Amino acid sequence: MNQQKYPVGIQTFSKIIKQGYTYVDKTQYIKPLISQGQYIFLSRPRRFGKSLLLSTLEAYFEGHRELFKGLAADSMDLDWTPSPVLHFDLNTGKYDDPMGLENRLRLHLENLERKYNISPRFEDDMALRFESLIRSIFETTGQEVVILIDEYDKPLLDIEENRTLFEQNQRILKSFFGNLKSMDSYIRFAFITGVARFNKVSIFSDLNNLDDISLEDSFADICGWNEKELIDNFSPGIQALADKRKEDFATTLNELRDYYDGYLFTEEGSRQYNPFSILKALKKMRIDPYWFDSGTPTFLARRIKNLRIFPPAINGQTCSRDELISIGLNDRNPIPLMFQTGYLTIGKLLEENFYELRFPNREVEKGFYQELLPLYVPEVSDPFSQFYFYKFQKSLIEGHPEDFMKRIATLLKNLPYDDNNESTYRAVTFLLVVLSGTPAIAEWHSYKGRSDLEVFAGGNVYIFEFKYNKSVEEAIEQIHSRDYIGKYELDSRKIYLIAANYVSKEENRGLEYEIESLRL
C-alpha cells in the first residue's frame with residue numbers, strides 16, 4: 001500500500017518537512033542563487049513551485065538548518081547566519097477591488113512591523129513606510145535584510161482587461177517596490193517571482209542590477225520536476241495509480257508524461273512536469289486536467305479569437321528571446337504572454353535567439369481549446385460537456401459523417417450574426433474535432449497544396465475542405481485536383497471526402513456540405 005503524503009496546495013517548506021510530506025529537493029540551487037547576484041527575478045507559470053521555492057529560501061535565510069537535514073544544502077558550504085526576512089506574498093488578495101492591492105501591502109507591512117517590533121512611520125505613504133521598515137530593521141538588528149516577493153504580477157494579471165485598475169496597480173507597484181534601488185546598503189538579497197515580466201513596472205525599469213534567470217540553462221530545473229525527479233520521488237504513487245488502472249508502470253508513466261510533461265524553459269534544459277497536476281493525479285488516483293481547471297486568464301483566449309488566429313496555428317508560433325523575456329503593457333500579440341503563463345513552451349531553437357513555441361502537453365492544449373470554443377459559440381442549447389464531445393467522436397468512429405456534419409451545422413446556427421466570418425467557422429469545426437478526442441492534422445501540406453483538416457477515427461480517414469461563401473463543388477474539386485487523397489493509396493481505411501461551405505448571407509445563412517466516400 002502506498003504510504004506517500006502528497007503536499008497538494010502546501011507551499012510552506014517547514015510544514016512539508018516537519019509533517020513528512022514528499023519533498024523534491026531543490027535546495028542545491030540556494031548557493032548558485034546567492035552567488036548569482038543581489039537582486040534575482042524568476043518567471044514561471046502559476047502553481048509551478050515558485051511559492052515553495054521562496055518558502056525554502058526563507059527557511060534558509062532565517063537559519064533553520066535543522067529543516068535541511070539530509071538535503072543537498074546541508075552538505076554545502078553555506079552561511080547559515082540568520083537574517084531578517086521580509087516576505088511579500090501577493091498570490092492572495094482581491095485585486096479587482098480598487099483598494100485590493102493597497103490593503104494587501106498594508107497588511108504585510110503591519111505583520112512585519114509586529115514581527116520585528118518596529119513602530120510604523122509614514123502610515124499615509126506605503127512606499128516611505130516600507131523604506132523606513134527596512135532601515136529600522138537594519139539599525140535595530142545590525143543585519144542586512146532579505147526581501148522575497150512572491151507573484152508580484154498577480155495584481156496586474158488578475159485585472160488585465162480593466163485598463164484603469166491595471167494602470168492604478170502598476171503605479172502602486174512602481175512606487176512601493178521602486179524604493180529598493182536606493183536601499184542596496186541595507187539589503188543582503190532580494191528574490192522576485194512572477195508569471196510575467198512586464199517591462200514597464202519599476203521592479204525591472206529601476207533595478208538596473210536585477211538578474212533575470214528565467215531563461216538561463218543553469219536554473220532550468222529550479223521549479224517543476226524532470227522525469228528523473230518524478231521517478232526517484234514518486235515511484236510508489238505511480239505504481240499505485242498503475243495498479244488502479246490495471247496497467248504496468250511504464251504505461252501509466254507514459255500517460256502522465258503525455259498529460260503533464262513537456263515544459264521547456266531553456267533550449268538546453270530538461271523537460272519539466274507540472275508539480276501541481278502530478279500531485280493531484282497521484283492523490284486523486286486519476287489523470288485529469290487539474291492545473292488548467294484551477295484557473296486560467298480568459299483574456300488570453302479572447303485575444304486569440306479576436307486576432308483570428310486559427311487554433312492549430314498556435315502550435316508553431318515563433319518568438320524572439322527578447323519577446324519572451326519582457327512584455328509590454330499594451331502588447332497586442334498574446335504569444336509571449338502565453339509562454340510566460342505556461343500555455344506555450346519552447347519547442348525548438350530555430351536560430352540564435354528565435355524559438356518555435358508549442359503547447360507543452362495534452363492537459364494544456366485540451367484545456368486551452370475548451371476555453372476557446374464557448375467564445376466562438378457563446379449561446380448553445382446543448383452545453384459543451386464531455387458527453388457532448390463524445391457524440392461527435394462516436395459519429396466519426398462509426399463512419400457516420402452525415403451525423404457529424406448535421407451536428408456541426410446545428411451548432412453553427414448559434415454563431416453571432418456580428419461575428420460571422422471564415423476564421424470562426426473553421427475554428428469551431430477544428431475545435432469540435434479535437435475536443436472530441438479524435439486525432440487530427442490541420443493544414444497538412446502535400447506536394448500540390450495543403451488540406452484544411454484530416455481526421456482519423458476508427459478505420460476511417462476524413463479529409464475536409466472548407467469554403468466560405470463559395471460552393472461545395474469547388475471544395476470537392478480542390479480535394480481531387482490537389483490530390484489530398486494520394487498519400488492514402490496504400491491505406492486500407494475508408495476515405496471520406498467532406499466538402500463544406502458556409503454561407504453568411506442572411507437569407508440562406510448556414511452550412512452546406514457534400515460527402516463522398518471511397519476505399520482506395
Side-chain angles (χ1 to χ4, degrees), residues 26 29 32 36 40-50 53 153 157 193-199 204 211-230 254 256-278 289 291-292 296-297 300-301 303-304 307 309-328 331 333-369 371 442:
K26 297 288 185 178
Y29 289 103
Q36 186 76 12
I40 308 293
F41 174 75
L42 174 69
S43 169
R44 283 295 183 268
R46 60 188 172 83
R47 293 184 176 271
F48 229 83
K50 301 188 298 296
L53 176 63
D153 56 345
L157 286 174
T193 74
V195 167
R197 172 171 170 157
F198 288 102
N199 61 18
F204 308 109
D211 197 335
D212 186 347
I213 63 171
S214 304
L215 296 182
E216 290 198 11
D217 291 330
S218 57
F219 295 103
D221 291 6
I222 195 169
C223 291
W225 300 328
N226 60 41
E227 189 151 297
K228 183 179 186 304
E229 290 173 322
L230 179 71
N254 282 335
L256 292 170
R257 183 185 299 124
D258 180 49
Y259 225 82
Y260 304 128
D261 190 20
Y263 294 90
L264 194 64
F265 299 110
T266 75
E267 62 267 26
E268 299 296 331
S270 57
R271 289 161 57 101
Q272 299 291 304
Y273 283 82
N274 183 317
F276 178 77
S277 290
I278 284 289
W291 178 80
F292 204 94
T296 178
L300 285 173
R303 203 171 291 177
I304 289 290
L307 290 173
I309 297 174
F310 189 32
I314 297 172
N315 262 338
Q317 292 285 321
T318 302
C319 273
S320 70
R321 181 184 176 91
D322 289 343
E323 287 177 302
L324 296 184
I325 287 177
S326 190
I327 299 170
D331 283 357
N333 182 8
I335 300 302
L337 190 54
M338 286 187 70
F339 168 77
Q340 292 199 356
T341 49
Y343 298 99
L344 292 175
T345 193
I346 293 173
K348 60 183 177 182
L349 179 67
L350 297 176
E351 53 186 271
E352 187 177 3
N353 291 325
F354 281 91
Y355 301 103
E356 181 183 278
L357 305 180
R358 59 168 175 78
F359 288 116
N361 51 47
R362 185 148 51 105
E363 176 187 28
V364 176
E365 181 176 23
K366 183 178 179 182
F368 197 77
Y369 287 159
E371 192 77 22

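What you see is a predicted model; the values in this text were computed from it and never measured.
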Is there a side-chain contact between P289 and K366, using heavy atoms and a 4.5 Å cut-off?
no
Worksheet item: Under the 3.5 angstrom rule, does the side chain of N361 hit a backbone N or O of G262 as a donor-acceptor pair?
Response: no
Hey, is the main chain of C223 close enough, under 3.5 Å, to the side chain of K50 for a donor-acceptor pair?
no
CD1 of I213 to CD1 of I222, rounded to nearest 0.5 Å, is 4.5 Å
Rounding to 0.5 Å, atoms SG (C319) and CG (N333) come to a distance of 5.5 Å
Note: T341 and L300 closest approach over all heavy atoms is OG1-CD1, 3.6 Å
Please verify the inter-ring angle class for F368 with F359; under 30° counts as parallel, over 60° as perpendicular, anything in between as tilted. tilted
Separation between CD (E351) and OG1 (T318), nearest 0.5 Å, reads 9.0 Å
Residue set satisfying side-chain contact (heavy atoms from CB on, under 4.5 Å) with S218, at least two apart, ordered chain then number -> E216
**Request:** Determine whether M338 and I314 make a side-chain contact, defined as any pair of heavy atoms from C-beta on separated by less than 4.5 Å.
**Result:** yes
Check: Between L230 and D261, is a side chain to side chain contact (heavy atoms under 4.5 Å, CB included) present by the stated rule, with each step listed?
Finding: CA-CA 10 Å; L230 179 71; D261 190 20; over 6 Å; no
Contacts of K26 meeting side-chain hydrogen bond (donor to acceptor under 3.5 Å, both in side chains) (sequence neighbours excluded), chain-then-number -> E229
Closest heavy-atom pair, R358 versus G347, reported as atoms and distance to 0.1 Å, is NE-CA, 3.7 Å
Smallest heavy-atom separation, S214 atom then R44 atom, equals O-NH1, 3.0 Å
Heavy atoms of P275 and G224 approach each other most closely as CG-CA, 3.6 Å
Applying side-chain hydrogen bond (donor to acceptor under 3.5 Å, both in side chains) to D211 and not counting sequence neighbours gives Q36
Taken in chain and number order and not counting sequence neighbours, the residues that satisfy side-chain contact (heavy atoms from CB on, under 4.5 Å) with N254 are R257
Checklist entry - Heavy atoms, side chains only, cut-off 4.5 Å: are Y343 and L337 in contact? => result no
Under 3.5 Å, is there a donor-acceptor pair between the side chain of E371 and the main chain of G367? no
Sorted by chain and residue number, the side-chain contact (heavy atoms from CB on, under 4.5 Å) partners of P45 (sequence neighbours excluded) come out as F48, F265, W291
(request) Answer whether the closest heavy-atom distance between the side chains of P311 and Y369 falls below 4.5 Å. (result) yes
Stepwise side chain to side chain contact (heavy atoms under 4.5 Å, CB included) test for Y29 and D221: CA-CA 9 Å; Y29 289 103; D221 291 6; 3.2 Å; yes
Rounded to the nearest 0.5 angstrom, the CG-CZ distance for L349 and R321 is 10.0 Å
Give a yes or no answer on whether the side chain of S320 reaches the backbone of N353 with a donor-acceptor pair at less than 3.5 Å.
-> no
Treating Q272 as the side-chain partner and W225 as the backbone partner, does any N or O pair qualify as donor plus acceptor under 3.5 Å? yes
OH of Y355 to OG1 of T345, rounded to nearest 0.5 Å, is 11.0 Å
Between V364 and G342, the two heavy atoms sitting closest are CG1-O, 4.1 Å
Distance col, row L264:CG vs L344:CG, nearest 0.5 angstrom, shows 12.5 Å
Legend entry - Residues D212 and S43: side-chain donor-acceptor under 3.5 angstrom: no
Of all heavy-atom pairs linking V195 and R46, the shortest is CG2-N, 3.8 Å
Taken in chain and number order and not counting sequence neighbours, the residues that satisfy side-chain hydrogen bond (donor to acceptor under 3.5 Å, both in side chains) with K228 are D232
